[in-house]
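One structure below.
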Amino acid sequence: MAKNRILFECQACGNQQSKWLGKCPECGAWDSFIELKSEQIKVLKEIAKASSKASEAVCIEDVELEHFSRSSTGDDELDLVLGGGLVEGSLVLIGGSPGVGKSTLLLKIASNLAKKGKKVLYVSGEESKAQIKLRADRLEANAPNLFLLIELCLENILEELHKKDYEILIVDSIQTLYSNKISSAAGSITQVREITFELMRVSKAFNISTFIIGHITKEGSIAGPRVLEHMVDVVLYFEGDATKEIRLLRGFKNRFGGTSEVGIFEMTSKGLMSAKDLANRFFTRGRAISGSALGVVMEGSRALVLEVQALVCESAYPKRSATGYEKNRLDMLLALLERKLEIPLGHYDVFVNISGGVRVSETAADLAVVAAIISSFKNRPLSKDSVFIGELSLNGEIREVFSLDTRLKEAKMQKFKNAIIPSKPIEDVGLKCFVAKELSQVLEWM
């Protein structure tokens with residue numbers, strides 16, 4: 001008789017081993033390996049067999065371009081993040097912290113698509129029909145082509161999906177579903193993998209556009225194995241505090257477009273709405289105060305004026321903290337200030353915050369961050385009519401940034417008068433520009 005194969009799987013990342021390990025070599029989790037049953041191993045083999053079909057190499061010049069059919073979701077910001085609209089047969093994964101607005105947004109999108117004549121199936125494993133109906137009344141999201149299904153079993157969902165030829169499927173959420181083929185609990189690694197694979201297969205076979213809501217871990221990533229993100233076509237993350245009005249929808253993967261665009265939404269009494277006027281949402285105009293500087297960053301194709309707040313105070317045990325800004329880059333800028341400008345920050349606490357809950361990832365905000373820190377250290381207010389734009393190098397040089405003219409036009413539109421920049425703009429945008437090549441020149445200007 002053939003010996004049964006024994007397989008252990010990490011419940012944190014999905015890593016598989018032939019023997020039990022105390023610590024996962026992939027993600028470092030302790031005591032996370034469990035032994036898979038024969039039914040679970042059989043499902044894994046079926047998925048691997050279906051995803052590894054033999055194919056023949058084709059010359060790239062002979063490949064015909066495939067034209068994807070897109071349709072608007074009825075929301076300009078979501079269409080922007082998706083790359084121009086929803087692609088037929090695509091599988092979209094949306095993650096975010098609890099209460100950020102994932103279910104609210106997708107219920108509104110389901111209504112928009114249903115009002116356009118598409119049959120939409122909204123599957124919920126977390127709420128009752130009465131709860132969803134109550135939210136739909138508040139959002140004005142009732143439509144005759146929008147159908148609700150409260151179900152946890154995948155097989156029952158697929159059976160309902162074929163009854164009325166649905167064109168859109170929304171699953172809230174993937175961690176609550178289970179398949180009868182697998183005996184493990186809902187939300188386990190094997191269950192999530194099997195359900196996602198089946199939804200992907202059905203979406204591609206019948207051109208059903210599918211939205212999946214995914215829970216996130218305390219680290220901010222989608223709960224479940226990384227293969228979940230690899231299997232879907234689009235991965236979107238909601239950013240922002242649930243207690244604030246502004247939310248950001250950022251794309252991390254898109255097989256049908258770029259991931260540079262960011263959707264900006266505002267939470268209102270009627271749900272998440274596309275934020276039309278964002279010009280003055282991320283900064284305040286008032287009297288000049290120390291520790292505050294304004295910068296201009298690019299979020300996709302749009303420029304945003306942001307307020308950088310800094311607090312520097314003497315301390316016996318110095319701390320460095322950054323909210324909305326990369327902590328490692330803040331440490332580098334502080335070292336640069338001590339080295340080049342001889343500002344003794346070694347005995348001071350330094351706290352940096354990006355106003356409005358925005359997370360800045362580009363380096364063009366370096367100059368604004370440094371200006372806010374110096375302003376707080378010297379207790380010297382900065383003019384609210386000036387913006388700081390520039391990237392700082394390790395030797396104290398201020399380097400050029402991309403889309404400088406676009407940033408300056410946005411600053412001019414917001415009625416700013418001065419701009420501290422690394423080089424002269426190509427076009428005259430009507431701002432008084434101060435060109436600074438080194439950090440010491442900015443200190444002289446302040």
Side-chain angles (χ1 to χ4, degrees), residues 27-28 97 217-221 237 239-241 248 250 252 262 282-283 289-299 304-382 386-402 407 420-422 436-446:
C27 66
S97 58
T217 62
K218 61 183 180 180
E219 289 82 13
S221 59
Y237 278 89
E239 297 178 0
D241 192 344
L248 302 181
R250 192 182 301 273
F252 283 83
V262 175
F282 303 105
F283 68 95
I289 56 176
S290 59
S292 176
L294 299 171
V296 187
V297 299
M298 297 296 297
E299 289 290 355
L304 295 178
V305 180
L306 300 178
E307 179 182 2
V308 180
Q309 302 168 346
L311 175 61
V312 180
C313 56
E314 196 168 359
S315 173
Y317 302 98
K319 303 175 197 169
R320 278 86 172 93
S321 176
T323 303
Y325 191 74
E326 188 179 352
K327 171 69 165 47
N328 292 336
R329 191 151 191 89
L330 174 62
D331 293 336
M332 184 271 286
L333 295 179
L334 296 178
L336 184 62
L337 289 176
E338 291 199 39
R339 178 71 174 177
K340 294 297 180 180
L341 300 184
E342 298 182 353
I343 298 179
L345 295 173
H347 301 287
Y348 288 82
D349 289 338
V350 180
F351 303 94
V352 172
N353 175 57
I354 306 297
S355 180
V358 180
R359 186 175 300 169
V360 176
S361 57
E362 69 163 336
T363 56
D366 290 351
L367 197 56
V369 172
V370 167
I373 293 173
I374 297 175
S375 172
S376 177
F377 177 78
K378 295 182 174 291
N379 197 22
R380 183 182 301 171
L382 296 176
S386 303
V387 292
F388 297 81
I389 305 172
E391 174 188 351
L392 287 174
S393 65
L394 289 177
N395 55 14
E397 294 180 348
I398 303 177
R399 297 190 172 182
E400 297 184 11
V401 298
F402 68 93
R407 301 172 197 260
I420 295 83
I421 54 179
K437 294 293 186 180
E438 295 183 0
L439 190 55
S440 57
Q441 294 178 272
V442 178
L443 188 61
E444 295 174 1
W445 182 87
M446 295 174 63

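Reckoned from all heavy atoms, side chains included, excluding hydrogens, waters and symmetry mates. The structure presented is a predicted model; accordingly, all values stated were derived computationally and were not measured.
Put simply, CG on Leu392 and CD on Glu438 are 11.0 Å apart, with the number rounded to the nearest 0.5 Å. With rounding to the nearest 0.5 Å, the separation of CD in Glu299 from CG in Leu248 is 6.5 Å. Note that CG of Leu333 and CG of Leu394 are 9.5 Å apart. Values are rounded to the nearest 0.5 Å. Here the CG-CG distance, from Leu336 to Asp331, works out to 12.5 Å after rounding to the nearest 0.5 Å. Within the model, atoms CG of Asn395 and CZ of Arg339 stand 11.5 Å from one another, a figure rounded to the nearest 0.5 Å.
Here the shortest heavy-atom pairing between Ile354 and Gly324 reads CG1-O, 3.4 Å. For the residue pair Val442 and Ile420, the shortest heavy atom distance occurs at CG2-CG2, 4.2 Å. In terms of heavy atoms, Leu330 sits closest to Tyr325 at N-CE2, 3.9 Å. Minimum interatomic distance between Ala293 and Ala372 (heavy atoms only, all atoms of both residues): CB-N, 3.8 Å. Here the shortest heavy-atom pairing between Ser375 and Ser290 reads OG-CA, 3.4 Å. The nearest pair of heavy atoms linking Pro422 to Glu400 is CG-CA, 3.7 Å.
At least one side-chain heavy atom of Val358 sits under 4.5 Å from a side-chain heavy atom of Leu306. Side-chain contact between Val352 and Val308 is present, with heavy atoms from C-beta onward closer than 4.5 Å. You'll find the side chain of Val312 stays beyond 4.5 Å of the side chain of Asp349, heavy atoms only.
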Item to check | Leu439 and Leu337: CA distance, side-chain angles, deciding distance, side chain to side chain contact (heavy atoms under 4.5 Å, CB included) verdict | outcome: CA-CA 9 Å; Leu439 190 55; Leu337 289 176; 3.8 Å; yes
Item to check | Stepwise side chain to side chain contact (heavy atoms under 4.5 Å, CB included) test for Phe388 and Leu382 | outcome: CA-CA 11 Å; Phe388 297 81; Leu382 296 176; 4.0 Å; yes
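Residue pairs meeting the salt bridge (charged side-chain N to carboxylate O under 4.0 Å, His left out) criterion with at least one partner in residues 357-377, sequence neighbours excluded, are Arg329-Asp366, Glu362-Arg407. For the salt bridge (charged side-chain N to carboxylate O under 4.0 Å, His left out) condition, the pairs that include at least one residue of residues 304-322, sequence neighbours left out, are Glu307-Lys384.
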Distance-only donor-acceptor pairs under 3.5 Å for side chains of residues 341-348, two or more places apart:
none

